[in-house]
Amino acid sequence: MLKRALLASSVVLALSSCQSMPTTKADDKPTSADADQFVTELNAKVRKGYAEQASAQWLSVTNINSDSQLVAAKVNERALGDLKSSIEASTKFDAIKPALKPDTARTLHLLKLSTSMPAPKDPAKLGRLTELATKLEGAYGSGKYCRAGETGNQCRDLGKLSEVLAEHGDYDAQLDAWTGWHNVARDMRGDYQEFAGLVNEGAKELGFADAGEMWRSGYDMSPADFEVEADRLWDQVKPLYEQLHCYVRQELTEKYGEKGSVGPMIPAHLTGNMWAQQWGNLFDQVEPYPGVSSLNINAALEAQREAEFAKAKAEALANASKQQRSELTPEELVEAGRAADLANAKLMTRRAEDFYVSLGMPQLPASFWDKAQFTQPRDRDVVCHASAWDMNYQGDVRIKMCITPTEDELSTIYHELGHVYYYLAYNALPPLFQSGAHDGFHEAIGDTVVLSLTPKYLNSVGLVGTPVQSKEAIINEQMKLALDKVAFLPFGKLIDQWRWGVFSGRIQPGEYNKAWWDLKAKYQGVAPAVTRTEQDFDPGAKYHVPGNTPYTRYFLAHILQFQFHKALCDSAGHQGPLHECSIYGNKEAGKRYWAMLQKGQSQNWQATMKELTGTEQMDASAIIDYFAPLMGWLQEKNKGQQCGW
Ligand code: X8Z
Ligand code: ZN
């Protein structure tokens, strides 16, 4: 988060209140020059206050305890209050809007949208809001599932429970892990309800109908047009998702019998993922042509970790032998394991950095390697949900992750470094322009790079064996990617359908959970295998709800990344099908990408989009074209099936 407006619920611009803003005499009409000066001072204030806020937030999520939470909530409270004052002060320029310079007008517009957590003016309510925000994120981060009689370390966190879901096979163990985690969120219901009410109040004070409308206002078009646009994109990709759903449901029923589906829907706990958002972990189970090619990089990552473990043990043994011991104590062994986890996590991150550097982007600064959180600390609770941070607008960039040697995590590192390189590229801009062209752009940068991790590239860095070239191999590859990228689309869309409904009042607290599962059914065709009631608060089991991070950005990113990939492959001179393209090492593509990143949000996203892709529109035809071979295969395979739900 702070990751500036990224995962940034709590992102906040530190603006100190209006007392030191440029003043105009009460009866004087402000001039355009006054507005320019206001914006200059505003940017200076944001810059000045930023690092302290970033540090407070960083501490609160990398060491969750009552002290770090108190400080984060208080810093946030001050920052949101200051932001409110600045927005109020800026309204004096409303009357002369047509006379303002474009950059000044854009800055004032962006100022109003610079947080996803607008606060009410009432100081008591503001304080309560930041307290709840910190509490909800902390509850998610420290959430554990304890079975009867389990305490302390026996209880499992999200990471452990997710492992159970990823290692498919045991229906009951999976259902237990799924239910256990979802029940952690029950306690969040009351807090979330109160939180949503306060955020809404803040949004209304700014002139929006509700917080949902405010979130939809960040796309250089009217919020109503944006809603239509998002629906249009979903309609474009829905047929592809329906075919994938049909095939996977069939495979699950073959494996689990009648438990493999819930009516026409896929059981929520059987997709290899806690939220059924990415199904890549099912690949082994649903591989179209088993054994044709080895696409599994988990084995190579695990072997790399083992090698680090061997090194760490050898070092520890060398030390022990100085004390005349020939064996390691259990503590030393645990310590060596931790050292190996960290060393391996850094190697994985180096691998990702190397890709960006191959495009001509800079190496990450030394401080990144010192200050990032790569692995899960064992002595304290942290928010493991991955995030990328700009701590000071001048090069102190970090990621916060709990990296394990898996393919999912490797992709997430590339994703997070996409954010980090965006920060570095636009750091030269005034703070209020330092954000993605829109938030979907920010989420798409690293994912676009991941599309270049072709079997040929992965083989060149020793992560998979020699790639097989055949029609069957292509279908396997496409299936593997589609399980993550296509399966994600309805999920990416529905989260904010729920939140927009909550904010607008269309979804009332008494039906929070029912509305959630109605949307899961409508968009994903996914259903819980056990009864859920209004005792439950299943939306709270997904980070971005307690973390207050808008989610439509990820839906958009999953469309955009294919558009970006196509544009970059074109500039790299790639010939042939898009799925064969890797821009690794291509400086021309890198130069164009970097140029886009440097623009930040200094101009509307349509202009930035046009510079890279030649079009001003988001459009799903790139993802549809990309998966054309798989779509054909699925349609053939699903013939005679009753698809849909
Ligand atoms: O939250 C994230 C990133 C951090 S911005 C790890 N993602 C979404 C999620 O995990 O739900 C990336 C894909 C979707
Ligand atoms: Zn992200």
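The first residue in the sequence is number 1, and the count goes up from there. Quantities reported herein were computed from a predicted structural model and do not represent experimental measurements. Every number for a ligand or one of its atoms is a count from 1 in the order of the listing. Computation of the quantities below employed the complete heavy-atom set of this structure, encompassing side-chain atoms and omitting hydrogens, waters and symmetry-equivalent molecules.
- Not a single salt bridge (charged side-chain N to carboxylate O under 4.0 Å, His left out) links Glu167 to another residue, sequence neighbours left out.
- Residues Asp447 and Lys485 are paired through a salt bridge, judged by an N-O separation under 4.0 Å between the basic side chain and the carboxylate.
- Remark: the backbone N or O of Ala72 is not paired with any side-chain donor or acceptor of Ser60 at under 3.5 angstrom.
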- prompt: So Asp518 and Lys514, salt bridge (charged side-chain N to carboxylate O under 4.0 Å, His left out) or not? Walk me through it.
  reply: CA-CA 6 Å; Asp518 285 349; Lys514 178 183 178 303; 2.8 Å; yes
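- Judged by distance alone, with hydrogens and angles left aside, the side-chain atoms of Glu137 form no donor-acceptor pair with the main-chain N or O of Pro546 at under 3.5 Å.
- Here atom 4 (C) of ligand 1 lies nearest to Glu416 when heavy atoms of Arg553, Glu409, Glu416 are compared.
- Against a heavy-atom cut-off of under 4.0 Å, Tyr551 is close to the following atoms of ligand 1: 8 (C), 9 (C), 11 (O), 14 (C).
- Among the atoms of His544, some N or O lies under 3.5 angstrom from an N or O of ligand 1.
- At least one N or O atom of Lys542 sits closer than 3.5 Å to an N or O atom of ligand 1.
- Here the Zn ion (ligand 2) is the vertex; the OE1 atom in Glu443 and the NE2 atom in His415 give an angle of 90° (to 10°).
- Classification of the Trp500-Phe226 ring pair by plane angle, with boundaries at 30° and 60°, yields perpendicular.
- Near Ala386, meaning under 4.0 Å from any of its heavy atoms, are these atoms of ligand 1: 4 (C), 6 (C).
- The side chain to side chain contact (heavy atoms under 4.5 Å, CB included) test applied to Ala352 returns Ile413, Tyr414, Leu417, not counting sequence neighbours.
- Looking at Glu611 and Lys599, a side-chain N of the basic residue comes within less than 4.0 Å of a carboxylate O on the acidic one, giving a salt bridge.
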Residue pair Leu161, Leu165: steps toward the side chain to side chain contact (heavy atoms under 4.5 Å, CB included) verdict: CA-CA 7 Å; Leu161 297 166; Leu165 297 188; over 6 Å; no
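- Where the criterion is an N or O separation shorter than 3.5 Å, residue side chain and backbone included, Glu443 fails it with respect to ligand 1.
- Not close to ligand 1: Trp275, with no non-hydrogen atom less than 4.0 angstrom away.
- The Zn ion (ligand 2) has no N, O or S atom of His442 under 2.8 Å away, backbone or side chain.
- Ligand 1 has no N or O atom lying under 3.5 Å from any N or O atom of His415, backbone or side chain.
- The contact set between ligand 1 and His419, taken as ligand atoms under 4.0 Å from a residue heavy atom, comprises 5 (S).
- Under a 4.0 Å heavy-atom criterion, Phe488 is in contact with ligand 1.
- Among the backbone and side-chain atoms of Glu416, no N/O/S atom is found under 2.8 Å from the Zn ion (ligand 2).
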